[in-house]
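Chain naming here is simple, since letters A, B, ... match the order of the sequence lines and numbering starts at 1 in each.
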Amino acid sequence: MKKDIILAGVGGQGIISIASIIGYAALEQGMFLKQSEVHGMSQRGGDVMSNLRISHNHIASDLIPFGQADMIISIEPLESLRYLPYLSKEGWVISNTRPFNNIPNYPDLDKIMGEIAKVPHHIALDAEAIAKEAGSTKAANIVILGAAAPFLGMTYEKFEDAIRFIFRHKGDKVIDLNLVALKAGRDFADRHI
Amino acid sequence: MQKLLLLGDEAIAQAALDAGLSGIYAYPGTPSTEITEFVQKSKFARENHIHSNWSTNEKTAMESALGMSYAGKRTMVCMKHVGLNVAADPFINSAITGANGGLIVVSADDPSMHSSQNEQDSRFYGKFALVPILEPGDQQEAYDMVHYGFDFSEKFKVPVLMRITTRMAHSRSGVARRGEIRKQNELKMPSDLRQFVLLPNIARTRYKNLLRDHSSFIAESDASPFNSYIDGSDKSLGIIVCGIAYNYLLENFPDRIVPHPVLKIGQYPLPRKMVEKMADECREILVIEDGYPMVEELLKGYLGRGLKVKGRLDGTLPRDGELNPNLVAVALGKPDTYGLPIPDLVVNRPPSLCSGCPHIDSYYALSETLSELSNGRVFSDIGCYTLGALKPYEAINSCVDMGASITMAKGAADAGLIPSVAVIGDSTFTHSGMTGLLDAINDKSPITIMILDNGTTAMTGGQDSPGFGKIEEICKGLGVEEAHIRILKPLKKYHDENVAIMKEELAYHGVSVIIPRRECIVAIDKRIRDKFKNK
Ligand SMILES: Cc1ncc(C[n+]2csc(CCOP(=O)(O)OP(=O)(O)O)c2C)c(N)n1
Ligand code: SF4
């Protein structure tokens with residue numbers, strides 16, 4: 001099994017946590033992993049993206065080739081579109097619908113959603129709203145991860161274990177919140193596949 | 001052994017700790033910063049008194065490391081590629097003095113300029129200085145090369161340059177550590193106490209030694225575990241591939257078998273025998289290297305009448321920018337792949353100053369102060385405040401290299417552009433602004449210098465600022481008149497007051513320094529979070 005994933009968002013939205021959780025789950029199963037990110041300038045409200053590659057076989061490149069990503073996971077709708085050239089024909093876009101509007105010329109949201117709808121395989125969800133119901137909007141990134149979980153080729157429990165590990169220093173409350181958020185995201189995806 | 005998941009930067013730092021490091025010296029700079037930060041956070045490093053405080057700039061870092069090497073201990077210096085320009089003088093001369101304790105200089109290049117002002121290739125510095133260069137192809141090699149590099153440096157008494165790129169520095173993968181942790185070296189003086197005295201007659205001898213050793217370096221490259229000749233049946237093309245580009249090559253062959261002979265390079269000078277073998281065997285050579293076409297140019301020769309070499313110079317690969325698997329596919333004559341086009345509505349999302357950033361208030365006050373004068377008088381520098389060039393501020397007119405704001409403003413004032421203004425951050429000021437300030441004072445240049453003191457080195461992630469709490473004393477000490485050192489608080493509510501002070505100083509025909517002082521809000525946030533964590 002191999003999964004090539006583009007993680008996208010805006011600086012500070014928590015794509016690193018998503019990468020850590022998927023990465024931990026993959027390593028626990030003895031998979032190989034390469035994860036590449038560009039930070040620096042991009043941290044001050046600029047766009048951020050990370051290439052995450054997991055595989056049972058040797059991984060060569062740190063960068064995912066264009067047209068070959070299995071998935072784009074984006075915490076921001078406009079950002080999900082920026083990386084479409086990476087997506088393979090069968091690939092999925094899992095995107096938040098909640099815009100992060102920090103630029104004066106942010107495009108019309110309906111038009112953005114229209115573009116996401118054109119991608120053959122996609123799931124779009126309001127992660128903030130779902131996370132709020134789960135307990136806190138802070139877990140929006142985990143909701144997105146939950147929605148991506150069915151496509152990542154690992155059993156759901158692996159993600160739960162990874163959350164328990166990654167947030168182990170933050171206390172049970174934080175862990176429980178994130179587990180609920182994960183499940184809410186997954187349930188959404190299950191209803192919309 | 002269990003593998004650790006490490007960034008390239010972290011792999012280098014972990015390796016240095018495992019290989020008996022006594023001190024790391026650095027000034028922050030993306031993408032090299034995490035090497036030093038890893039050592040700073042290491043309990044092992046604290047317990048073993050391994051030096052890791054930030055240096056004021058890359059030159060002081062390089063020289064301190066040279067001093068530590070002189071005293072017989074293993075040391076590492078880290079910087080981003082442009083930092084090596086600042087450290088070039090000691091770096092080039094350290095090849096002549098040679099090392100005593102193992103000395104590795106890590107320079108992190110940034111092809112495609114993800115967060116830099118150019119994409120210069122540090123390998124040229126290594127070649128220029130005639131020192132060996134190590135260029136890892138993955139995080140494991142980065143780890144292994146540090147051990148090898150220290151041994152090499154101590155065996156040949158020469159500094160070793162390690163060249164990485166953004167992709168290597170900021171990409172994570174599994175790294176197996178060595179079981180054995182080496183002890184630090186004991187204090188040990190150089191066997192020849194004149195080794196480091198570069199008076200011409202000594203330097204001439206040392207230079208001849210270096211030239212003599214250079215042929216050994218080539219032989220070492222031919223025997224290096226990081227250079228390998230992998231045979232292939234199709235000899236119509238041979239491929240020379242450097243560092244991380246090897247991964248992009250393999251990515252194009254799912255079974256990882258390349259039909260052509262491949263020379264994988266991880267150590268320079270180039271392994272002469274291996275290159276000769278390829279030139280003898282293959283009709284054409286494709287060179288795949290991130291950064292400048294250094295190897296390609298070397299093989300091709302100026303007139304290009306010798307070997308048939310393809311690469312960045314003949315358009316087989318793009319002349320600039322970072323490589324990727326697709327570019328390499330096309331260079332190999334394989335089909336390109338591409339997903340969906342980016343929809344037309346997608347706009348850029350440039351980085352911007354945080355809302356609440358003190359620099360914003362400084363810029364609004366400055367722009368109002370200058371509004372009655374002609375445009376184009378603000379020379380700035382490198383840091384978060386460089387984002388003041390973008391909308392909506394459009395408040396600065398230059399950003400060249402660290403420290404250039406003060407000296408360019410001085411030069412422009414010398415030319416008659418009066419008033420000229422310099423805008424520089426606190427960390428950049430101590431990095432390279434102080435010397436320029438002395439020039440301006442000695443010439444009584446009519447310039448106004450704004451030192452934006454946010455108490456941290458914010459751009460690179462909030463490292464300590466070497467001049468913290470000392471900025472006005474430094475200015476006074478260099479000779480700025482006390483009456484013309486003005487400290488203000490960049491807040492909206494003091495806007496009018498601040499504009500009035502700026503106007504006064506702009507009218508003064510001499511050097512004046514305005515210090516808008518307010519802590520970076522990200523630094524405040526981090527400070528408060530750390531406080532909670534430690535409770
Ligand atoms: C020679 C060199 N070294 C390091 C860097 C990386 N760098 C860019 S800005 C900066 C720090 C700026 O700090 P400061 O001047 O205090 O401004 P701030 O970002 O805090 O506003 C550093 C280290 C560089 N561009 N050039
Ligand atoms: S990190 Fe600090 S200095 Fe940089 S833009 Fe944000 S508030 Fe301003």
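The candidate with the highest count of non-hydrogen atom pairs below 4.5 Å against chain B, out of A:G23, A:P65, A:P104, is A:P65. Of the listed residues (A:S61, A:A19, A:P107), the one with the most heavy-atom contacts under 4.5 Å to chain B is A:S61.
Residue B:L5 touches chain A through its side chain alone, counting heavy-atom pairs closer than 4.5 Å. For a residue to count as touching a neighbouring chain, one of its non-hydrogen atoms must lie under 4.5 Å from one of that chain's; by this rule B:D336 does not touch chain A. The part of B:P341 that comes within reach of chain A is its backbone (N, CA, C, O), which places non-hydrogen atoms under 4.5 angstrom from that chain. Using a 4.5 Å cut-off between heavy atoms, B:I244 contacts chain A through its side chain alone, with no backbone atom that close. When heavy atoms are compared at a cutoff of 4.5 Å, A:I59 approaches chain B solely by way of its backbone atoms N, CA, C and O. For B:L323, the part lying near chain A is the backbone, with the side chain staying farther off; criterion is any non-hydrogen pair under 4.5 Å.
Within residues 66-86 of chain A, the residues having any heavy atom closer than 4.5 Å to a heavy atom of chain B are A:F66, A:G67, A:Q68, A:E76, A:L78, A:E79, A:L81, A:R82, A:L84, A:P85, listed by residue number. Identified by a heavy-atom distance below 4.5 Å to chain B, the contributing residues of residues 87-102 of chain A are A:L87, A:F100, A:N102, in residue-number order.
Here the straight-line distance linking atom CG of A:L63 with atom OG of B:S171 works out to 7.5 Å at 0.5 Å rounding. Atoms CG and CG, on A:D108 and B:L345 in that order, are 8.5 Å from each other to the nearest 0.5 Å. Residue A:I103 holds its CD1 atom at 13.5 Å from NZ of B:K391, rounded to the nearest 0.5 Å. Taken to the nearest 0.5 Å, the CZ atom of B:R172 stands 8.0 Å off from the OG atom of A:S50. Atom NZ in A:K34 sits 6.0 Å away from atom CD in B:Q139 (nearest 0.5 Å). Residue B:N326 holds its CG atom at 11.0 Å from CD1 of A:I64, rounded to the nearest 0.5 Å.
The shortest distance between side-chain heavy atoms of A:H58 and B:L250 falls below 4.5 Å.
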Go through the steps to decide whether A:N105 and B:R349 satisfy the test side-chain contact (heavy atoms from CB on, under 4.5 Å), and finish with yes or no.
-> CA-CA 9 Å; A:N105 52 343; B:R349 195 192 295 266; over 6 Å; no

Check the pair A:S36 / B:R167 against side-chain contact (heavy atoms from CB on, under 4.5 Å), numbers first and verdict last.
-> CA-CA 7 Å; A:S36 171; B:R167 197 59 57 192; 2.6 Å; yes

Walk me through it: do A:Q35 and B:L7 pass the test side-chain contact (heavy atoms from CB on, under 4.5 Å)?
-> CA-CA 9 Å; A:Q35 189 217 334; B:L7 290 178; over 6 Å; no

For the pair B:E251 and A:R53, evaluate salt bridge (charged side-chain N to carboxylate O under 4.0 Å, His left out) and give the outcome as yes or no after the intermediate values.
-> CA-CA 12 Å; B:E251 183 68 28; A:R53 313 190 76 184; 2.8 Å; yes

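Environment of NZ in B:K334: crowded, with over 12 heavy atoms of neighbouring residues, nucleotides or ligands closer than 6.0 Å. Other residues, nucleotides and ligands place more than 12 heavy atoms under 6.0 Å from the CD atom of B:E394. A:K3 NZ: more than 12 foreign heavy atoms inside a 6.0 Å radius.
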